[in-house]
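Structure, as structure tokens:
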Amino acid sequence: MECAARGIVEEPCASGAHRRCGSCGAVAYCSKGHQFIHWKVHKEECARLATQMSRIDMLSQFPFTFSVEPLALNHTNRSMRCLFLESMKVHLKGLWKSECMCGPDIASVKDLSITTEWNMERSLCPCTEPENPVPAPLASWEDYFQWRSLPLHSPVAVLLHWPLTLYHCLQLSRVRTSRYGHDTLHIHYLGPEKELLQLAVFAELRALFPGVHLRIELVGPAVPRSRDGEVVNISSYPNCSGESCHCRSSIASENLNCSAVTLRIWKGLYHERYGDIVKDSNPHLILAPNAGVAAYPSWMPTIEMIRGIGVPAIFTDFCEEAAHLASCCISSITGQPLGLPIQVNPFRQPIEENNSALYIPCYSNGFVFGM
């Protein structure tokens, strides 16, 4: 951790930031003097950060636990994520290639074919249609794993947090599906990055919304120019490693009880491409995962435009403090409080990201809120 007063005080930090705030424990300082100077800034946020820190245990509550052997950490400079993927024997394989720094960068990918391999045995991954439709709205990873008959030591949640977060947001927005009159759901998905190399995982939406055609418009500046306008139709699930598994049969993708998923990719900012997108895709829901609204001013015209559209829009962010800052930005633009209060996303990715300046557990799609 860095000294929280760094950049505010003139004198350089004397040593490491080993002195934590006694009230919240979320920030640290190199000296008592720097802590005293920073209090003018920190006093406005201390109580809020203390509340967030009190929820650390709740954020870490998953039905599964993934770990890496201590010996591996002591004898290598590899990242924790690389070591985890290696322990699962999926490092740089199939859909897992972009899950660590070793993997390909989105802009450098020239082969536009979609990777459709789980690289795991049948019992560990959802490679075929479920035995039964979703009996009731899923509210946790435990619900999902039980429904899909997967063991809790399967790591698939690391990738499936993208489609399951979308599923959760559709539940929150109360958008009606085909059971109530909609045969097609139009989703505008803002700011895709890594998931552009994991598009096959969105096939799980076929099982979550049987009989519904999902049309997802993925739009963002990270889209490579060569992929602008690309259309991807997903009619089957990613394959397991079993050569004789039913998932490798052409019959497996022809079940009419499952939905179709069509993805269309757009390069640019949403407010710049909106006119082109809505020519044949008016959204039922706008979703911006891991948006970082407070960090990027380019969100301002997009939020102003969304306010005028009148369509449910849900944002997610990595941690509660980022979600708080984003909600303040949105409220200042719209002049209204959030329509959906900040809450923990039950389908957040279960790998802790510990790169934050604050010692608060951060997970991909950690918190959900909307306008």
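The figures that follow rest on heavy atoms only: side chains count, while hydrogens, waters and symmetry mates do not.
Looking at heavy atoms from C-beta onward, Tyr237 lies out of side-chain contact with Pro126 at the 4.5 angstrom threshold. Between Ile187 and Leu170, some side-chain heavy-atom pair lies under the 4.5 Å cut-off. Contact of the His153 side chain with the Leu124 side chain is registered, since non-hydrogen atoms from C-beta on lie closer than 4.5 Å. Here the side chains of Lys194 and Ser364 are not in contact, with every heavy-atom distance at 4.5 Å or above. Residues Tyr270 and Ile286 are in side-chain contact: their nearest non-hydrogen atoms beyond the backbone lie under 4.5 Å apart. At a threshold of 4.5 Å between non-hydrogen side-chain atoms, the residues Val223 and Leu218 do not count as touching. Side-chain contact between Ser140 and Pro63: absent, with no pair of heavy atoms (C-beta onward) separated by less than 4.5 Å. The closest side-chain heavy-atom distance from Asp317 to Phe369 is below 4.5 Å.
For Gln146, the CD atom is loosely surrounded, since the number of other residues' heavy atoms within 6.0 Å does not exceed 12. Within a 6.0 Å sphere centred on CD of Glu131, heavy atoms belonging to other residues, nucleotides or ligands number 12 at most. Annotation for Arg273: atom CZ counts as buried by contact number, over 12 foreign heavy atoms lying within 6.0 Å.
Linking ILVMFWY side-chain heavy atoms closer than 4.5 Å, directly or via other members, places Ile330 and Leu269 in two distinct hydrophobic clusters. Using a 4.5 Å cut-off between side-chain heavy atoms of Ile, Leu, Val, Met, Phe, Trp and Tyr, with links allowed through other members, Met101 and Leu92 fall into different hydrophobic clusters. Under the 4.5 Å side-chain contact rule for hydrophobic residues, Val368 and Leu325 do not share a cluster. One hydrophobic cluster, built from ILVMFWY side chains closer than 4.5 Å, cannot hold both Leu49 and Val41; they sit in different ones.
Proximity of a side-chain donor or acceptor of Arg248 to a complementary backbone N or O of Gly242 within less than 3.5 Å is detected. A donor-acceptor contact shorter than 3.5 Å links the side chain of Asp228 to the backbone of Lys267. Between the side chain of Trp266 and the backbone N or O of Tyr274, no donor-acceptor pair lies under 3.5 Å. Under the 3.5 Å distance criterion, the side-chain polar atoms of Gln349 are matched with a main-chain donor or acceptor of Val158. Panel note: side chain Ser60, backbone Asp57; no donor-acceptor pair is recorded below 3.5 Å. At least one donor-acceptor pair under 3.5 Å links the side chain of Ser173 to the backbone N or O of Cys169. The backbone N or O of Trp118 sits less than 3.5 Å from a side-chain atom of Trp96, completing a donor-acceptor pair. Proximity of a side-chain donor or acceptor of Arg348 to a complementary backbone N or O of Leu59 within less than 3.5 Å is detected. Remark: side-chain polar atoms of Arg264 are not paired, donor with acceptor, to backbone N or O of Arg215 under 3.5 angstrom. Between the side chain of Ser241 and the main chain of Met120, a donor-acceptor pair closer than 3.5 Å is present.
The line from NE2 of His91 to SG of Cys82 is 3.5 Å long, rounded to the nearest 0.5 Å. If you take CG on Leu172 and CD on Gln343, they are separated by 5.0 Å, rounding to the nearest 0.5 Å. Atom CG of Leu205 is separated from atom CG of Leu164 by 8.5 Å, given to the nearest 0.5 angstrom. Between atom CD of residue Glu117 and atom NZ of residue Lys93 there is a gap of 11.5 Å, rounded to the nearest 0.5 Å. Distance check: Phe347 CZ to Leu160 CG gives 10.5 Å after rounding to the nearest 0.5 Å. Here Thr316 contributes atom OG1 and Asn365 contributes atom CG; the two are 3.5 Å apart, rounded to the nearest 0.5 Å.
Taking both residues in full, the closest heavy atoms of Asn345 and His168 are given as OD1-CD2, 3.6 Å, listed atom of the first, atom of the second, then distance. Residues Phe64 and Ala157 share a closest heavy-atom pair of CZ-CB, 3.8 Å. Between Leu138 and Trp147, the shortest heavy-atom contact is CD1-CE3, 3.9 Å. Of all heavy-atom pairs spanning Ala28 and Ala17, the tightest one is CB-O, 3.6 Å. Closest of all the heavy-atom pairs between Cys24 and Cys46 is CB-O, 3.5 Å. Taking each heavy atom of Val219 and Gly268 in turn, the nearest pair found is CG2-O, 3.5 Å.
Look at Arg148 and Glu204 and you find a salt bridge, because one of the NZ, NE, NH1 or NH2 atoms lies within 4.0 Å of a carboxylate O, short of that distance. Salt bridge status for Arg48 with Glu321: present, with a side-chain N to carboxylate O gap under 4.0 Å. In summary, Arg81 and Glu99 engage in a salt bridge, as defined by a charged side-chain N under 4.0 Å from a carboxylate O.
Checking Arg122 against Thr128 by side-chain atom types alone, a donor-acceptor pair falls below 3.5 Å. A side-chain N or O of Thr262 and one of Asn233 form a donor-acceptor pair less than 3.5 Å apart. Side-chain contact annotation: Ser123 with Glu121, donor-acceptor N/O pair under 3.5 Å present.
Taking the six-membered ring where the residue is Trp, His186 and His284 present tilted rings, their angle falling between 30° and 60°. Relative orientation of the His38 and His42 rings is parallel, given thresholds of 30° and 60° on the angle between their planes.
Annotation: Tyr29 is not in aromatic contact with Phe36 [ring centroid separation under 6.0 Å not met]. Tyr167 has its ring centre no less than 6.0 Å from the ring centre of Tyr144.
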Going by atom type alone, with no hydrogens or angles, which donor-acceptor pairs under 3.5 Å involve a side-chain atom of residues 293-304 and a protein atom two or more places apart or on another chain?
{"from": "Trp299", "atom 1": "NE1", "to": "Ala291", "atom 2": "O", "distance (Å)": "3.0"}
{"from": "Thr302", "atom 1": "OG1", "to": "His271", "atom 2": "ND1", "distance (Å)": "2.7"}

